[in-house]
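Below: one structure, written as structure tokens.
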Amino acid sequence: MKRTRIKTILLSEKALDTVLIKGWVRTRRDSKAFSFIELNDGSCLNNIQVIADDLLKNYEQIKKLSTGSSVCVKGTMHESPGKGQKWEIHAIKIKIIQITPDDFPLQKKRHTDEFLRTISHLRPRTNKYGAAFRIRSKLSFAIHKYFHDLGFTYVHTPIITGSDCEGAGELFQVTTLDINNPPLSDEKSDYQKDFFGKQANLTVSGQLEGELFALALGDIYTFGPTFRSENSNTSRHAAEFWMVEPEMAFCNLDEDMDSAENFIKFLVEFAIKNCDQDLELFAKFVDKNLMNTLETIVSKKFIRLPYTEAVSILKQSGKKFNYDVFFGADLQTEHERFLAEKHFKQPVIIYDYPKTIKPFYMRVNDDEKTVAAMDVIVPRIGEIIGGSQREERLEFLTHRMAETGISKDDYWWYLDSRRYGSVEHSGFGLGFERLIMMVTGITNIRDVIPFPRTPGSIEF
RNA sequence: UCCCCAGUAGCUCAGUCGGCAGAGCAGGUGGCUGUUAACCACCGUGUCCGUGGUUCGAGUCCGCGCUGGGGAGCCA
């Protein structure tokens, strides 16, 4: 007999025939002549209540079922006379797969996120983390659905790269050389003897390769892991995280901002429609204001704010900031939070940044002072998307590379794309974990990724 | 990397002025009960993060270190 998922049972309109369910015991309560077992199999947030009668031949063993134990139950489905659930299972036979000893760290009470992080291998068995990771999965699917329905092509850009990609962050080196005894050339490691014949790193962004494919297939996106070895110790940074990077040919900054806004709105709406139960948990226990925030994101048009106007709003706010605001200064977290959380109280897209604070590939505007860059700032999370129209003019691009000290020789292939049929194009990057944080209200990035990698921490 | 805070039972935390180490939950035993964070009674639980110092005496005060958290920088 095939097992039925608990989700299927809980959602069914009428009682199914005899069912077989398998799962883990969340809690057990004994009554006079029977025992209530709350069983969860991860298919949904809710447990199913199993009634185990003392006539079952292994009832003495059943009474020893502790939180975390695994069982297989054959039983019949009945409307529950008790409060709190529609259906329950009257067990005909309970096969105990394994009884969990009492040192099982998860108890039927609330644990702190910090403690659960030390047992990342077990935390998906809790309500909150089960819900978070089901939402993560749903939103991954939503990303593919969004782009697929719009006719985008999914591109797998390389994980291992040979170029210090745009200096977007500190790099993890990939090597097969013996670090204790590397082959030397002029007293330095001889990378010609390394696996690829030159120094290699984990990718910090698939953008440059993504551009090459956009300039062939039109609209493309990447969705994969990204690695940065920055010594960042914050609730918003991880050394390994997932990023979505669409890239669109024949697309200018305005259209880029439109697609970023539509994209976020679609994802949030998708979560509201498809993660109702799991989302409810977060609205109830994690962030009481969550549904309001999400509704605002879906319904209100994002504010579009040129950088220079952002600067004057901040100057005129009369608020004292730790960092000075002036044209040419990068906006600090406190500035972004003020704009999104206090001033506008909704998502804001800031665009046309000074070129001095942005990378070489962003398109220089006619004023020659700013570039066609845009950041989407959302309340509580801060920057969730960073994007730009790309510099498609070869002379401007090579000029900017020289200015910012990027080697033309290393990027000959990137420059080729501006030499042969160059067209205007744009794209952006969305931090997937930050999206999950925004949608769930979870405040630490370590709690939205199954096994977080941060400085000094790579257990599991 | 910088600033701030914390580390005490399996978990969450209290511990006053430096003077015998505490509670709730979890666990065990018994009872009661179509229960649902079940309930009631009883029982056990310690490298007080490590290290050096001050002191008659340190969980408590001081130095150094480790780990965790919050904030900042860097960014997604």
Side-chain angles (χ1 to χ4, degrees), chain A residues 26-39 46-53 63-64 66-68 78-85 88 90 100-119 126-127 166-170 204-207 223 225-245 260 285 321-323 330-337 357-359 375-378 381-387 428-438 443-449 454-457 459:
Chain A
R26 279 297 169 79
T27 173
R28 201 197 72 248
R29 295 177 292 272
D30 294 324
S31 191
K32 196 170 190 175
F34 48 88
S35 187
F36 297 98
I37 302 166
E38 296 266 353
L39 205 62
N46 285 342
N47 309 320
I48 187 124
Q49 176 165 279
V50 174
I51 314 298
D53 196 276
K63 287 222 298 193
K64 289 187 185 139
S66 52
T67 300
H78 300 268
E79 280 195 48
S80 176
K83 280 180 187 163
Q85 64 274 322
E88 63 185 26
H90 292 189
T100 286
D102 62 19
D103 61 356
F104 182 56
L106 291 174
Q107 299 171 6
K108 39 187 182 182
K109 63 166 220 166
R110 204 188 153 273
H111 290 288
T112 59
D113 294 327
E114 290 78 19
F115 171 67
L116 290 171
R117 227 170 272 153
T118 68
I119 49 166
T126 64
N127 287 342
E166 91 216 42
E170 297 297 312
V204 290
S205 165
Q207 181 199 313
F223 181 23
T226 307
F227 309 88
R228 301 202 182 159
S229 66
E230 251 129 31
N231 192 10
S232 297
N233 292 287
T234 83
S235 54
R236 303 186 307 283
H237 292 85
E240 177 183 296
F241 63 99
W242 284 60
M243 193 152 62
V244 186
E245 295 182 288
F285 299 113
F321 294 109
N322 290 323
Y323 289 83
D330 210 351
L331 295 182
Q332 303 297 319
T333 301
E334 56 177 346
H335 305 136
E336 294 180 345
R337 292 191 67 154
I357 55 170
K358 290 292 182 185
D375 285 350
V376 180
I377 314 295
V378 294
I381 309 297
E383 183 179 341
I384 193 169
I385 279 180
F428 60 82
L430 169 119
F432 186 55
E433 282 72 22
R434 290 187 182 175
L435 173 79
I436 314 280
M437 290 167 75
M438 184 183 81
T443 52
N444 196 312
I445 198 167
R446 287 165 251 240
D447 299 332
V448 296
I449 190 163
T454 51
S457 170
E459 195 66 56

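We use all heavy atoms of the structure for the numbers below, so side chains are in, but hydrogens, waters and symmetry mates are not. Below, read A as the first sequence line, B as the second, and so on, with proteins coming before strands; counting in each chain starts at 1.
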**Request:** In whole angstrom, give me the gap between the P atoms of B:rG63 and B:rC5.
**Result:** 12 Å
Check: For A:S31 and B:rU35, is the shortest distance between a side-chain N/O and OP1 or OP2 below 4.0 Å?
Finding: no
Closest of B:rC11, B:rG73, B:rU1 to the A:H111 side chain is B:rC11
Among B:rC75, B:rG68, B:rC25, the one nearest any side-chain atom of A:Q107 is B:rC25
Report task. Could you tell me whether the side chain of A:T67 and the main chain of A:R26 form a donor-acceptor pair under 3.5 Å? Result -> yes
Contacts of A:T443 and A:E334 projected onto RNA chain B by closest heavy atom; the upstream (5') one is A:T443
Between B:rG57 and B:rG19, how far apart are the two P atoms, rounded to whole Å?
15 Å
Against the side chain of A:H90, the closest entry in B:rG34, B:rG69, B:rA38 is B:rG34
B:rA72 OP1/OP2 closer than 4.0 Å to side-chain N/O of A:Q332: no
Counting just side-chain N and O atoms, does A:Q85 come under 4.0 Å of either OP1 or OP2 of B:rU35? no
Considering only heavy side-chain atoms of A:E114, the closest of B:rG73, B:rG69, B:rG34 is B:rG69
Per atom distances to the A:T333 side chain, the nearest of B:rU33, B:rU35, B:rA72 is B:rA72
Any side-chain N or O of A:N444 under 4.0 Å from OP1/OP2 of B:rG70? yes
For this session: Would you check if the side chain of A:E433 reaches a backbone N or O of A:I449 as a donor-acceptor pair within less than 3.5 Å?
Result: no
query = Are A:K108 and A:T27 linked by a side-chain donor-acceptor pair shorter than 3.5 Å?
reply = yes
query: Does A:R236 place a side-chain N or O at less than 4.0 Å from the phosphate oxygens OP1/OP2 of B:rA72?
result: yes
Among the nucleotides B:rG34, B:rU12, B:rA72, whichever has the atom closest to the side chain of A:E88 is B:rG34
Exercise for the section: Take atom C1' in B:rC25 and the same atom in B:rA37, then report the distance between them in whole Å. Expected result: 10 Å
Q.
If I pick the C1' atom on B:rC66 and the same atom on B:rC32, what distance separates them, to the nearest angstrom?
A. 50 Å
Determine: side-chain N/O of A:T234 to OP1/OP2 of B:rC74, distance under 4.0 Å, yes or no. no
**OP:** Ignoring backbone atoms, establish whether A:R29 has a side-chain N or O less than 4.0 Å from OP1 or OP2 of B:rU36.
**Re:** no
So, does A:K108 get its side chain near the phosphate of B:rC11, meaning an N or O under 4.0 Å from OP1 or OP2?
no
Is the phosphate of B:rG71, meaning OP1 or OP2, less than 4.0 Å from a side-chain N or O of A:S235? yes
Checking B:rU12, B:rC75, B:rG73 against the side chain of A:T112 (C-beta onward), the nearest is B:rU12
Ignoring hydrogens and angles, answer whether the base of B:rC74 and the side-chain atoms of A:S232 contain a donor-acceptor pair closer than 3.5 Å. yes
- Item | A:R117 side chain near B:rG69 phosphate (N/O to OP1/OP2, under 4.0 Å) | yes
